[in-house]
Amino acid sequence: MQSILPTTSSFSSSSSSKSDRRSKSKSSQTSSKHSLVMALISCFAWLYVAGRLWQDAENRVLLATLLKKNSDQRPKMLTVEDKLMVLGCKDLERRIVEVEMELTVAKSQGYLKNQLKQSGISSGKQLLAVIGIYTGFGGHLRRNMIRGSWVPNVDALSELEERGVVVRFVIGRSPNRGDSLDRNINEENRATKDFLILEIHEEAQEELPKKAKYFFSSAIQTWDAEFYVKVDDNIDVDLDGLIELLQNRRGQDSSYIGCMKSGEVVSEEGRAWYEPEWWKFGDEKSYFRHAAGSVLVLSKNLAQYINTNSASLKSYAHEDISIGSWMMGLQTTYTDDSRLCCSTSGQDKVCSLA
């Protein structure tokens with residue numbers, strides 16, 4: 001019995017030591033895992049802090065840039081000299097506005113330096129009138145009829161100009177510049193010397209309102225006259241009677257002379273005299289007072305107004321309406337002269353339908 005006990009004690013001691021080693025091994029493994037987790041957490045924390053610091057640095061740079069821009073735009077203290085300079089600029093700006101307004105008024109009244117050319121008449125006197133007869137490429141026979149009735153021939157034209165009256169047929173250019181239409185007009189003009197050719201105007205029926213602009217502009221740039229007269233080529237004119245009428249109107253500025261009329265605005269497309277912008281003439285659809293297009297007269301300053309402002313003047317479908325609209329905004333003297341009503345008869349008429 002006594003010999004067995006030591007053996008049992010030795011075995012127990014051996015088992016206990018093995019158990020201790022296994023527990024130590026497990027605890028060391030657990031400790032290693034904890035260390036690895038803590039290292040990863042520390043790494044992530046370091047990356048987070050580094051990212052925030054980097055972002056904060058960028059924000060600081062951006063904020064510094066904005067502050068610098070704001071400081072540059074911040075108003076500075078003005079010295080007395082700066083204030084005087086600002087006041088001087090404001091006074092100069094006000095003066096410029098006043099001068100521009102005065103220039104606009106002067107232009108509207110026909111005062112433009114070096115705008116007019118003299119007609120070449122030896123006496124140097126101002127002409128009484130420039131008479132423009134509207135014609136077209138198909139109007140050769142009409143022109144010959146007019147030359148055979150009331151428009152003088154080449155020699156007589158010069159004598160008439162000595163009396164202060166210029167008469168010209170007015171025509172534009174062909175849409176196909178330099179074609180046979182243009183060449184025929186050039187040849188006719190070389191023979192008769194009685195054309196005013198509007199080089200920048202394209203001759204067409206629908207372009208008559210623009211032709212009015214170009215005629216008055218070209219005429220006043222070429223001849224200095226008291227009156228500028230537009231005549232249709234289907235009208236016969238008593239030239240001496242027209243000259244007498246104009247002589248009696250000498251010295252009357254802002255004169256708009258003609259057979260004054262009004263009438264219905266045609267709003268139905270396809271009808272004769274259709275006006276595409278009919279709605280601008282009110283619910284009554286009636287035209288304002290204007291001179292009939294057969295014969296109308298403008299004094300020098302009104303023709304000059306058209307020349308100066310031609311680029312901004314509104315044109316309507318019909319030439320006489322367009323001219324009448326240009327006169328409405330001015331201090332114009334309307335003269336309704338029945339002698340210029342060509343469609344009616346009378347002993348004192350200066351015009352009649354051909």
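Remember, it's a predicted structure, so these values are computed and weren't measured experimentally. Basis for what follows: all heavy atoms, side chains included, without hydrogens, waters or symmetry-related copies.
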Once rounded to the nearest 0.5 Å, what's the spacing between atom [atom1] of [X] and atom [atom2] of [Y]?
X: Ile257; Y: Leu298; atom1: CD1; atom2: CG; value: 8.5 Å
X: Leu245; Y: Leu340; atom1: CG; atom2: CG; value: 5.5 Å
X: Phe216; Y: Tyr305; atom1: CZ; atom2: OH; value: 14.0 Å
X: Leu196; Y: Thr222; atom1: CG; atom2: OG1; value: 6.0 Å
X: Ser255; Y: Phe227; atom1: OG; atom2: CZ; value: 5.5 Å
X: Tyr287; Y: Lys285; atom1: OH; atom2: NZ; value: 11.5 Å

Where [X] and [Y] come nearest, the two heavy atoms and their spacing:
X: Glu275; Y: Val265; result: CB-CG1, 3.9 Å
X: Gln252; Y: Ser299; result: O-CB, 3.8 Å
X: Pro152; Y: Leu239; result: CD-CD2, 4.4 Å
X: Ala225; Y: Tyr228; result: N-OH, 3.0 Å
X: Ile197; Y: Gly172; result: CG2-O, 4.5 Å
X: Ile235; Y: Cys351; result: CG2-CB, 3.7 Å

task = Check the angle between the aromatic planes of His318 and Trp273 and answer parallel, tilted or perpendicular using the 30° and 60° thresholds.
result =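 Aromatic pair His318/Trp273 classed perpendicular.
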
Are a donor atom and an acceptor atom from the side chains of [X] and [Y] found within less than 3.5 Å of each other?
X: Asp179; Y: Ser174; result: yes
X: Glu162; Y: Ser158; result: no
X: Ser338; Y: Lys349; result: no

Is there side-chain contact between [X] and [Y], with heavy atoms separated by less than 4.5 Å?
X: Lys314; Y: Ser322; value: no
X: Phe169; Y: Arg147; value: yes
X: Leu157; Y: Thr192; value: no
X: Glu264; Y: Ser286; value: no

Mark yes or no for whether [X], through its side chain, and [Y], through its backbone, hold a donor-acceptor pair below 3.5 Å.
X: Asn189; Y: Phe195; result: yes
X: Ser149; Y: Ile146; result: yes
X: Asn309; Y: Ser312; result: no
X: Lys193; Y: Arg190; result: yes

Do you reckon [X] sits in the same ILVMFWY cluster as [Y], going by side-chain contacts under 4.5 Å, direct or chained?
X: Ile220; Y: Val297; value: no
X: Leu246; Y: Ile323; value: no
X: Leu208; Y: Val229; value: no
X: Tyr256; Y: Ile321; value: yes
X: Leu198; Y: Leu296; value: yes

Could you go through residues 127-143 and list every donor-acceptor pair under 3.5 Å that involves a side-chain atom there, pairing it with any protein atom two or more places apart or in another chain?
unit_1, atom_1, unit_2, atom_2, d
Tyr134, OH, Ala212, N, 3.4
Tyr134, OH, Glu319, OE2, 3.3
Thr135, OG1, Arg143, NH1, 2.8
His140, ND1, Glu188, OE1, 3.3
His140, NE2, Asn144, ND2, 3.2
Arg142, NH1, Asp233, OD1, 3.1
Arg143, NE, Glu188, OE2, 2.9
Arg143, NH1, Gly136, O, 2.8
Arg143, NH2, Glu188, OE1, 2.9

task = Answer yes or no: does atom CD of Glu199 have more than 12 heavy-atom neighbours from other residues, nucleotides or ligands under 6.0 Å?
result = yes

Residue of the set Glu202, Glu203, Gln205 for which side chain to side chain donor-acceptor pair (under 3.5 Å) holds with Lys211 =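 So, applying the side chain to side chain donor-acceptor pair (under 3.5 Å) to Lys211 and each of Glu202, Glu203, Gln205, only Glu203 qualifies.
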
Side chain to side chain contact (heavy atoms under 4.5 Å, CB included) between Ser254 and Asn301, worked out = CA-CA 6 Å; Ser254 304; Asn301 64 325; 2.8 Å; yes

key: Residue pairs fulfilling side-chain hydrogen bond (donor to acceptor under 3.5 Å, both in side chains) with at least one residue in residues 236-248, sequence neighbours excluded   =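 The answer is none; no pair qualifies.
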
query = Which residue pairs satisfy the side-chain hydrogen bond (donor to acceptor under 3.5 Å, both in side chains) criterion with at least one member in residues 325-337, sequence neighbours excluded?
reply = Asp337-Arg339

inquiry  = Under the rule for salt bridge (charged side-chain N to carboxylate O under 4.0 Å, His left out), what residues qualify as partners of Lys210, not counting sequence neighbours?
reply    = Glu207

query = When you check the gap from the basic side-chain N to the acidic O, do Lys300 and Asp253 get nearer than 4.0 Å?
reply =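 Asp253 and Lys300: not salt-bridged.
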
key: Pairs involving residues 163-214, ordered by first then second residue, that meet disulfide (SG to SG under 2.5 Å) (sequence neighbours left out)   =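 Non-adjacent pairs meeting disulfide (SG to SG under 2.5 Å): zero.
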
key: disulfide (SG to SG under 2.5 Å) partners of residues 240-270, not counting sequence neighbours, each pair once   =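 For residues 240-270: Cys259-Cys341.
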
message = Run His201 and Arg173 through side chain to side chain contact (heavy atoms under 4.5 Å, CB included) and show every step you take.
response = CA-CA 6 Å; His201 174 63; Arg173 283 301 189 184; over 6 Å; no

request  = I would like to know whether Glu269 and Trp278 meet side chain to side chain contact (heavy atoms under 4.5 Å, CB included); could you show each step before the answer?
outcome  = CA-CA 10 Å; Glu269 188 172 359; Trp278 56 267; over 6 Å; no

key: ring pair (Phe, Tyr, Trp, His ring centres under 6.0 Å) between Phe281 and Tyr316, worked out   = CA-CA 11 Å; Phe281 296 90; Tyr316 292 96; 5.3 Å; yes

inquiry  = Please evaluate residues Cys342 and Ser352 with respect to the criterion side chain to side chain contact (heavy atoms under 4.5 Å, CB included), reporting the C-alpha separation (whole Å), side-chain torsions for both, the decisive distance (0.1 Å), and the verdict.
reply    = CA-CA 4 Å; Cys342 307; Ser352 61; 5.6 Å; no

